[in-house]
Amino acid sequence: MSAADLREISVLLQTAKRSYVRSMLEREEALLSAKLAADKKTDTKRNETVEVEEVKATPPVPQAEGVKAAPPAPPASSSKGWISVDKFAFDPGEYNSKSLSIYVNLANIISLKEVEGAIVCDFTKSSFDLKVVGLQGKNYRLFKDNLSHDIDVEKCRYIVKKDKIVIKLGKVKGEFSYDSWTELCCTKKKSASAKADPQASIMDMMKNMYDEGDDKMKKVIGEAMMKSRSGEKMDVEPPVPEL
(Lines give C-alpha, C1' and ligand atoms only; values in the text may rest on other atoms or scores of the structure.)
Protein backbone atom coordinates (compact mmCIF):
# COMPACT_ATOMS: atom_id res chain seq x y z
CA MET A 1 0.00 0.00 0.00
CA SER A 2 1.14 3.56 -0.70
CA ALA A 3 0.18 7.17 -0.11
CA ALA A 4 -1.89 6.98 -3.32
CA ASP A 5 -4.04 4.30 -1.70
CA LEU A 6 -4.53 6.52 1.33
CA ARG A 7 -5.62 9.45 -0.86
CA GLU A 8 -8.13 7.24 -2.71
CA ILE A 9 -9.60 5.99 0.58
CA SER A 10 -10.00 9.62 1.70
CA VAL A 11 -11.88 10.42 -1.53
CA LEU A 12 -14.19 7.43 -1.06
CA LEU A 13 -14.79 8.43 2.55
CA GLN A 14 -16.04 11.86 1.43
CA THR A 15 -18.68 10.29 -0.81
CA ALA A 16 -19.74 7.37 1.42
CA LYS A 17 -23.16 7.75 3.07
CA ARG A 18 -23.87 4.39 4.78
CA SER A 19 -22.61 4.19 8.36
CA TYR A 20 -21.16 0.68 7.89
CA VAL A 21 -19.25 1.68 4.75
CA ARG A 22 -17.93 4.84 6.43
CA SER A 23 -16.78 2.90 9.49
CA MET A 24 -14.86 0.41 7.32
CA LEU A 25 -13.23 3.19 5.30
CA GLU A 26 -12.31 5.14 8.44
CA ARG A 27 -10.76 2.02 9.96
CA GLU A 28 -8.77 1.28 6.80
CA GLU A 29 -7.66 4.94 6.63
CA ALA A 30 -6.40 4.83 10.23
CA LEU A 31 -4.58 1.51 9.75
CA LEU A 32 -2.97 2.62 6.48
CA SER A 33 -1.90 5.98 7.96
CA ALA A 34 -0.26 4.19 10.88
CA LYS A 35 1.51 1.72 8.53
CA LEU A 36 2.83 4.47 6.25
CA ALA A 37 4.05 6.45 9.25
CA ALA A 38 5.84 3.38 10.63
CA ASP A 39 7.45 2.63 7.24
CA LYS A 40 8.61 6.24 6.91
CA LYS A 41 10.12 6.15 10.38
CA THR A 42 11.97 2.91 9.59
CA ASP A 43 13.41 4.35 6.36
CA THR A 44 14.52 7.51 8.16
CA LYS A 45 16.38 5.52 10.82
CA ARG A 46 17.99 3.36 8.15
CA ASN A 47 19.39 6.40 6.28
CA GLU A 48 20.64 8.30 9.30
CA THR A 49 24.41 8.54 9.88
CA VAL A 50 25.39 8.11 13.48
CA GLU A 51 27.85 10.73 14.69
CA VAL A 52 29.82 9.25 17.56
CA GLU A 53 30.79 12.63 19.02
CA GLU A 54 27.19 13.75 19.49
CA VAL A 55 25.41 10.58 20.52
CA LYS A 56 22.36 11.50 22.56
CA ALA A 57 19.79 9.21 24.09
CA THR A 58 16.28 9.96 22.94
CA PRO A 59 13.75 9.45 25.71
CA PRO A 60 10.85 7.17 24.77
CA VAL A 61 7.62 8.90 23.81
CA PRO A 62 5.02 8.08 26.46
CA GLN A 63 1.82 6.53 25.11
CA ALA A 64 -1.26 8.60 25.71
CA GLU A 65 -3.56 7.17 28.34
CA GLY A 66 -6.86 5.82 27.15
CA VAL A 67 -5.65 5.14 23.60
CA LYS A 68 -6.99 1.81 22.38
CA ALA A 69 -6.11 -0.21 19.33
CA ALA A 70 -8.47 -0.05 16.39
CA PRO A 71 -11.28 -2.60 16.67
CA PRO A 72 -10.84 -5.76 14.60
CA ALA A 73 -12.28 -5.71 11.11
CA PRO A 74 -15.27 -7.92 10.34
CA PRO A 75 -14.00 -11.33 9.16
CA ALA A 76 -16.13 -11.26 6.00
CA SER A 77 -17.39 -8.73 3.50
CA SER A 78 -21.00 -8.10 2.51
CA SER A 79 -19.93 -8.66 -1.09
CA LYS A 80 -20.55 -12.39 -0.49
CA GLY A 81 -24.31 -11.77 -0.38
CA TRP A 82 -26.91 -12.35 2.31
CA ILE A 83 -28.44 -15.47 3.82
CA SER A 84 -32.08 -14.72 4.61
CA VAL A 85 -33.14 -15.50 8.18
CA ASP A 86 -36.44 -17.36 7.80
CA LYS A 87 -36.79 -18.80 11.31
CA PHE A 88 -37.30 -16.58 14.35
CA ALA A 89 -39.57 -16.35 17.39
CA PHE A 90 -42.19 -13.60 17.76
CA ASP A 91 -43.48 -12.52 21.19
CA PRO A 92 -46.19 -9.82 20.97
CA GLY A 93 -46.03 -9.15 24.70
CA GLU A 94 -48.87 -8.88 27.20
CA TYR A 95 -51.85 -6.55 26.97
CA ASN A 96 -50.79 -2.88 27.09
CA SER A 97 -47.08 -3.81 27.06
CA LYS A 98 -44.73 -1.15 25.72
CA SER A 99 -42.79 -3.39 23.32
CA LEU A 100 -42.72 -6.72 21.50
CA SER A 101 -39.77 -9.05 21.04
CA ILE A 102 -38.24 -10.99 18.15
CA TYR A 103 -35.69 -13.73 18.89
CA VAL A 104 -33.12 -14.63 16.24
CA ASN A 105 -30.92 -17.66 17.00
CA LEU A 106 -27.37 -17.36 15.63
CA ALA A 107 -24.69 -19.59 17.12
CA ASN A 108 -21.75 -17.70 18.73
CA ILE A 109 -23.09 -14.29 17.67
CA ILE A 110 -21.51 -12.88 20.84
CA SER A 111 -18.15 -13.08 19.03
CA LEU A 112 -19.18 -10.11 16.85
CA LYS A 113 -20.58 -7.93 19.63
CA GLU A 114 -17.49 -5.72 19.86
CA VAL A 115 -16.76 -5.66 16.11
CA GLU A 116 -17.85 -2.29 14.76
CA GLY A 117 -20.35 -2.54 11.89
CA ALA A 118 -20.70 -6.32 12.14
CA ILE A 119 -24.22 -6.17 13.64
CA VAL A 120 -26.60 -3.44 12.46
CA CYS A 121 -30.36 -3.04 12.73
CA ASP A 122 -32.17 -0.15 11.01
CA PHE A 123 -35.70 0.81 12.03
CA THR A 124 -38.48 2.79 10.34
CA LYS A 125 -42.04 3.22 11.57
CA SER A 126 -43.18 0.26 9.44
CA SER A 127 -40.07 -1.95 9.08
CA PHE A 128 -36.83 -3.23 10.57
CA ASP A 129 -33.68 -4.53 8.86
CA LEU A 130 -31.20 -6.67 10.82
CA LYS A 131 -27.82 -7.37 9.19
CA VAL A 132 -25.04 -9.57 10.53
CA VAL A 133 -21.71 -9.49 8.66
CA GLY A 134 -18.97 -12.10 8.96
CA LEU A 135 -20.42 -14.69 11.33
CA GLN A 136 -18.25 -17.73 10.60
CA GLY A 137 -17.66 -16.38 7.09
CA LYS A 138 -21.34 -15.80 6.32
CA ASN A 139 -23.66 -12.77 6.22
CA TYR A 140 -27.22 -12.95 7.57
CA ARG A 141 -30.18 -10.63 7.08
CA LEU A 142 -33.70 -10.40 8.56
CA PHE A 143 -35.81 -7.74 6.85
CA LYS A 144 -39.51 -7.22 7.58
CA ASP A 145 -41.74 -4.43 6.29
CA ASN A 146 -45.48 -3.77 6.22
CA LEU A 147 -45.61 -4.43 9.97
CA SER A 148 -49.04 -4.95 11.52
CA HIS A 149 -48.81 -1.61 13.32
CA ASP A 150 -46.49 1.39 13.27
CA ILE A 151 -43.58 1.22 15.71
CA ASP A 152 -41.90 3.89 17.83
CA VAL A 153 -38.44 4.08 16.22
CA GLU A 154 -36.87 5.90 19.18
CA LYS A 155 -37.83 3.02 21.50
CA CYS A 156 -36.56 0.25 19.23
CA ARG A 157 -33.27 -1.52 20.01
CA TYR A 158 -31.50 -4.87 19.79
CA ILE A 159 -29.63 -6.95 22.36
CA VAL A 160 -26.76 -9.31 21.50
CA LYS A 161 -26.54 -12.44 23.66
CA LYS A 162 -24.38 -15.57 23.47
CA ASP A 163 -26.24 -17.39 20.70
CA LYS A 164 -29.06 -15.02 19.75
CA ILE A 165 -30.14 -11.47 19.02
CA VAL A 166 -33.24 -10.05 20.67
CA ILE A 167 -34.94 -7.24 18.71
CA LYS A 168 -37.20 -4.97 20.76
CA LEU A 169 -39.83 -3.01 18.80
CA GLY A 170 -41.43 -0.11 20.64
CA LYS A 171 -45.22 -0.09 20.38
CA VAL A 172 -47.23 3.06 19.62
CA LYS A 173 -49.67 4.13 22.33
CA GLY A 174 -53.24 4.75 21.23
CA GLU A 175 -55.96 6.70 22.99
CA PHE A 176 -56.41 4.11 25.74
CA SER A 177 -53.54 1.62 25.52
CA TYR A 178 -50.60 0.43 23.47
CA ASP A 179 -51.39 -1.35 20.19
CA SER A 180 -52.20 -5.05 20.50
CA TRP A 181 -50.29 -7.23 18.04
CA THR A 182 -51.51 -10.66 16.89
CA GLU A 183 -49.05 -11.03 14.00
CA LEU A 184 -45.78 -9.41 13.01
CA CYS A 185 -46.65 -8.36 9.45
CA CYS A 186 -49.88 -7.63 7.61
CA THR A 187 -50.89 -10.07 4.91
CA LYS A 188 -52.23 -7.11 2.92
CA LYS A 189 -50.79 -3.68 2.37
CA LYS A 190 -52.10 -1.11 4.83
CA SER A 191 -54.14 1.68 3.28
CA ALA A 192 -53.21 4.99 4.87
CA SER A 193 -55.82 6.93 2.89
CA ALA A 194 -58.69 4.70 4.00
CA LYS A 195 -57.59 4.99 7.61
CA ALA A 196 -57.37 8.76 7.38
CA ASP A 197 -60.68 9.25 5.52
CA PRO A 198 -63.32 6.51 6.01
CA GLN A 199 -65.78 8.41 3.78
CA ALA A 200 -63.33 8.19 0.89
CA SER A 201 -63.13 4.42 1.38
CA ILE A 202 -66.95 4.16 1.20
CA MET A 203 -67.05 6.24 -1.97
CA ASP A 204 -64.41 3.99 -3.57
CA MET A 205 -66.49 0.94 -2.71
CA MET A 206 -69.60 2.58 -4.22
CA LYS A 207 -67.69 3.40 -7.39
CA ASN A 208 -66.57 -0.22 -7.75
CA MET A 209 -70.16 -1.42 -7.28
CA TYR A 210 -71.33 1.08 -9.92
CA ASP A 211 -68.67 -0.03 -12.43
CA GLU A 212 -69.47 -3.72 -11.96
CA GLY A 213 -73.28 -3.52 -11.54
CA ASP A 214 -76.14 -3.79 -14.02
CA ASP A 215 -78.28 -0.87 -15.20
CA LYS A 216 -80.61 -0.92 -12.17
CA MET A 217 -77.67 -1.05 -9.76
CA LYS A 218 -75.97 1.83 -11.58
CA LYS A 219 -79.16 3.90 -11.34
CA VAL A 220 -79.55 3.34 -7.58
CA ILE A 221 -75.88 3.99 -6.82
CA GLY A 222 -75.75 7.00 -9.15
CA GLU A 223 -78.66 8.63 -7.32
CA ALA A 224 -77.05 7.88 -3.94
CA MET A 225 -73.75 9.38 -5.00
CA MET A 226 -75.53 12.51 -6.28
CA LYS A 227 -77.26 12.90 -2.89
CA SER A 228 -73.92 12.43 -1.10
CA ARG A 229 -72.31 15.20 -3.12
CA SER A 230 -75.26 17.54 -2.41
CA GLY A 231 -75.05 16.84 1.33
CA GLU A 232 -78.15 14.64 1.60
CA LYS A 233 -78.18 11.36 3.52
CA MET A 234 -76.83 8.51 1.41
CA ASP A 235 -79.17 5.54 1.72
CA VAL A 236 -78.34 2.76 -0.72
CA GLU A 237 -80.52 -0.29 -1.06
CA PRO A 238 -79.63 -2.59 -3.94
CA PRO A 239 -82.58 -3.48 -6.22
CA VAL A 240 -84.37 -6.76 -5.54
CA PRO A 241 -83.76 -9.13 -8.44
CA GLU A 242 -86.82 -10.18 -10.39
CA LEU A 243 -87.96 -13.79 -9.90
Side-chain angles (χ1 to χ4, degrees), residues 18-20 78 82-114 117-133 135 138-212 221 224-225 228 233-238:
R18 298 286 297 175
S19 59
Y20 172 67
S78 60
W82 301 102
I83 298 174
S84 177
V85 177
D86 298 322
K87 295 182 179 180
F88 56 89
F90 166 58
D91 179 10
E94 299 179 353
Y95 170 74
N96 203 27
S97 58
K98 296 181 179 180
S99 64
L100 60 90
S101 303
I102 299 163
Y103 300 89
V104 183
N105 291 330
L106 292 169
N108 199 33
I109 187 62
I110 194 69
S111 63
L112 296 181
K113 184 176 181 180
E114 302 299 329
I119 304 174
V120 178
C121 193
D122 297 318
F123 301 96
T124 71
K125 70 176 184 178
S126 61
S127 70
F128 68 89
D129 189 2
L130 172 67
K131 297 177 182 177
V132 176
V133 178
L135 180 60
K138 298 178 181 179
N139 307 320
Y140 296 88
R141 185 179 187 185
L142 173 59
F143 172 69
K144 293 294 178 182
D145 61 352
N146 197 36
L147 299 177
S148 292
H149 300 275
D150 288 346
I151 58 177
D152 188 338
V153 176
E154 294 183 357
K155 295 180 181 178
C156 294
R157 60 194 176 97
Y158 65 92
I159 305 168
V160 180
K161 297 190 175 184
K162 182 180 178 181
D163 293 312
K164 65 184 173 183
I165 297 176
V166 182
I167 302 173
K168 294 284 188 179
L169 301 182
K171 295 181 180 179
V172 175
K173 190 170 186 180
E175 185 177 357
F176 301 104
S177 65
Y178 288 95
D179 289 336
S180 295
W181 293 58
T182 57
E183 57 184 0
L184 181 59
C185 297
C186 290
T187 54
K188 297 180 180 180
K189 290 290 184 181
K190 292 180 288 187
S191 175
S193 59
K195 189 174 182 180
D197 187 1
Q199 183 67 22
S201 178
I202 295 173
M203 294 301 293
D204 288 341
M205 180 184 68
M206 297 291 292
K207 184 177 183 301
N208 290 335
M209 291 173 63
Y210 181 87
D211 292 339
E212 297 174 2
I221 294 175
M225 293 178 72
S228 176
K233 182 180 178 181
M234 186 171 61
D235 185 14
V236 180
E237 293 184 5

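Model, not experiment: these values are computed from the prediction. Atom set for the values below is all heavy atoms of this structure, side chains included, hydrogens, waters and symmetry mates excluded. Residue numbers count from 1 along this sequence.
Screening residues 154-165 for side chain to side chain donor-acceptor pair (under 3.5 Å) gives no qualifying pairs among residues at least two apart or on separate chains.
With contacts defined as side-chain heavy-atom distances shorter than 4.5 Å, the pair Ile110/Leu112 does not qualify. Side-chain contact between Phe143 and Trp82 is absent, with no heavy-atom pair separated by less than 4.5 Å. A 4.5 Å side-chain heavy-atom check between Tyr178 and Ser97 finds every atom pair outside the cut-off. Contact of the Phe88 side chain with the Lys144 side chain is registered, since non-hydrogen atoms from C-beta on lie closer than 4.5 Å. Contact check for Leu100 versus Lys171: side-chain heavy atoms found under the 4.5 Å cut-off. Between Ser111 and Leu135, some side-chain heavy-atom pair lies under the 4.5 Å cut-off. Phe176 is not listed as a side-chain neighbour of Asn96, based on a closest heavy-atom distance of 4.5 Å or more. Between Ile102 and Leu184 there is a side-chain heavy-atom pair separated by less than 4.5 Å.
Counting non-hydrogen atoms of neighbouring residues, nucleotides and ligands closer than 6.0 angstrom, the CD atom of Glu183 exceeds 12 such neighbours.
Minimum heavy-atom separation, Cys156 to Asp152: SG-O, 3.2 Å. Taking every heavy atom of both residues into account, Ser101 and Lys168 meet most closely at OG-NZ, 2.8 Å. Shown here for Leu147 and Ser127, the closest heavy-atom pair between the two residues is CD1-N, 3.7 Å.
In this structure, Leu169 CG and Cys121 SG are separated by 8.0 Å, a value rounded to the nearest 0.5 Å. Here Phe128 contributes atom CZ and Asp145 contributes atom CG; the two are 10.0 Å apart, rounded to the nearest 0.5 Å. One distance of note links CD1 of Ile151 with CZ of Phe123; it measures 6.5 Å at 0.5 Å rounding. With rounding to the nearest 0.5 Å, the separation of NZ in Lys87 from CG in Leu142 is 14.0 Å.
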Candidate pair Ile165 and Val132, rule side-chain contact (heavy atoms from CB on, under 4.5 Å), full reasoning: CA-CA 10 Å; Ile165 297 176; Val132 176; 3.9 Å; yes
task: Step by step, work out the side-chain contact (heavy atoms from CB on, under 4.5 Å) result for Tyr140 and Leu130.
output: CA-CA 8 Å; Tyr140 296 88; Leu130 172 67; over 6 Å; no
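Here Asp122 pairs with Arg18 under the salt bridge (Lys or Arg N to Asp or Glu O under 4.0 Å) rule; sequence neighbours left out. Remark: Val172 engages Asp150, Asp179 in a side chain to side chain contact (heavy atoms under 4.5 Å, CB included) (not counting sequence neighbours).
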